[in-house]
2 protein chains.
Amino acid sequence: MSETPAAEAKPGTTCAVIDIWEVLGKRWSLLIIKNLRTKETIRFNELKRALSGISSTVLSERLLELEREGLVTKKIYPEVPPRVEYSLTAQAKELEVIIKELAHWVGRWKRPQSVAQTVTKKEEPSSTTAS
Amino acid sequence: MSETPAAEAKPGTTCAVIDIWEVLGKRWSLLIIKNLRTKETIRFNELKRALSGISSTVLSERLLELEREGLVTKKIYPEVPPRVEYSLTAQAKELEVIIKELAHWVGRWKRPQSVAQTVTKKEEPSSTTAS
DNA sequence: CCGTATCCCCTCCGATACTG
DNA sequence: CAGTATCGGAGGGGATACGG
């Protein structure tokens with residue numbers, strides 16, 4: 001019945017969706033995925049340049065989180081000037097489809113909304129009081 | 001090609017998806033929608049009781065945001081003990097489908113992930129030895 | 001080139017108290 | 001019952017400096 005049957009410490013972690021949502025909800029996460037999509041592989045500074053404004057700290061952090069979630073693969077080339085390439089996993093490519101649907105959904109409903117409706121009558125809400 | 005062509009002030013606001021994502025990414029938002037789904041209409045304190053741990057402040061705030069996004073409708077009954085009923089809009093019901101897909105996606109890939117792969121030799125002869 | 005360590009600010013969230 | 005006002009703590013994110 002209640003939405004917090006277990007894990008009382010973190011009330012927002014009831015279903016698994018919220019888990020991934022919290023990761024993806026963080027700043028830059030979605031943008032990183034979007035940029036990763038433009039190429040098969042992207043290097044760290046290349047990505048950083050594309051996301052102008054992001055700091056190395058945060059980019060590294062997001063990349064690590066996305067890697068832990070299995071959305072990004074990291075390839076380290078032990079060369080003299082270090083080279084690391086990032087790319088999307090198959091899992092992330094599937095996620096993209098859902099994001100696209102979400103984008104479509106957003107576009108379909110893009111418009112100003114009403115604020116609130118005050119019911120003057122004492123009647124059942126089934127009869128729409130939109131006048 | 002760059003991801004921040006306009007709106008330099010907010011780098012995370014490139015596409016509309018991120019906009020709704022930021023609202024839904026906030027704590028309790030998803031849970032609120034989930035609870036709203038169990039009934040057609042729910043009252044404020046009823047909802048607050050279901051989401052044990054949330055404060056009136058935050059619940060009110062979330063509800064207002066969701067209303068602004070057009071996901072929730074608010075009906076005010078000017079009675080002696082005030083009565084306000086919240087319910088999902090058609091738009092939110094459509095969103096639910098997408099969330100369900102996301103949930104399915106999460107379930108399909110639920111498993112431990114690798115950490116990182118270091119390329120020791122050969123493979124990928126791309127000339128990227130620029131210093 | 002690819003990050004980590006540190007500091008600081010600023011927003012978010014919870015708790016409490018109070019009003020219509 | 002249904003909120004708003006205010007305060008204070010915690011954590012995310014940016015800037016800078018430094019290491020491998």
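A, B, ... follow the sequence lines: proteins, then strands. Residue 1 opens every chain.
A:L63 places its CG atom 17 Å from the P atom of C:dC1, with the value rounded to the nearest Å. In this structure, CD1 of A:I42 is placed 14 Å from P of C:dG3, rounded to the nearest angstrom. Distance A:E65 CD to C:dG3 P: 15 Å, rounded to the nearest Å. For B:L64 and D:dG3, the CG to C1' distance is 11 Å, given to the nearest whole Å. Rounding to whole angstrom units, CG of residue B:L47 and P of D:dG3 are separated by 10 Å. Residue B:N45 contributes atom CG, which lies 5 Å from atom P of D:dA2 at whole-angstrom precision. What separates CD of B:E79 from P of D:dA2 is a distance of 10 Å, to the nearest Å. Nucleotide C:dC2 holds its P atom 9 Å from the CZ atom of A:R49, rounded to whole Å.
Using a 4.0 Å cut-off between charged side-chain N and carboxylate O, A:K48 and A:E46 make no salt bridge. Using a cutoff of 4.0 Å between basic side-chain nitrogens and carboxylate oxygens, A:E65 and A:R62 are scored as salt-bridged.
Between C:dC1 and A:R43, no contact under 4.0 Å exists linking OP1 or OP2 to a side-chain N or O. In this model, the phosphate group of C:dT4 is approached by a side-chain N or O of A:S60 to a distance below 4.0 Å at OP1 or OP2. Between B:W28 and C:dC12, a side-chain N or O to OP1/OP2 separation shorter than 4.0 Å is absent. Between B:K48 and D:dA2 there is no side-chain N or O to OP1 or OP2 distance below 4.0 Å.
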Where do B:R108 and A:E94 land on the salt bridge (charged side-chain N to carboxylate O under 4.0 Å, His left out) test, with the steps shown first? CA-CA 11 Å; B:R108 213 172 349 146; A:E94 287 190 22; 2.7 Å; yes
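Between the side chain of B:T57 and the base of C:dA15, a donor-acceptor pair under 3.5 Å is found.
Between A:F44 and A:Y86, the two ring planes are tilted [angle within 30° to 60°].
For A:R27, taking side-chain heavy atoms from C-beta onward, the closest of the listed nucleotides D:dG13, D:dC1, C:dC2 is D:dG13. Between D:dG3, D:dC1, C:dC13, one nucleotide has an atom nearer to the side chain of B:K26 than all others, and that is C:dC13. Proximity note for A:R62 (side chain, C-beta onward) versus D:dG13, C:dC1, D:dA2: the nearest is D:dG13. For B:S55, the side-chain atoms get nearest to C:dA15 when compared with the rest of C:dC2, C:dA15, D:dA15.
A side chain to side chain contact (heavy atoms under 4.5 Å, CB included) with B:L88 is found for one member of B:L71, B:I32, B:I33 and no other, namely B:I33.
Take the nearest nucleotide of DNA chain C for A:P82 and for A:S56: the residue whose nucleotide is more 5' is A:P82. Each of B:I54 and A:Y86 was matched to the nucleotide of DNA chain C holding its nearest heavy atom; the match closer to the 5' end belongs to A:Y86.
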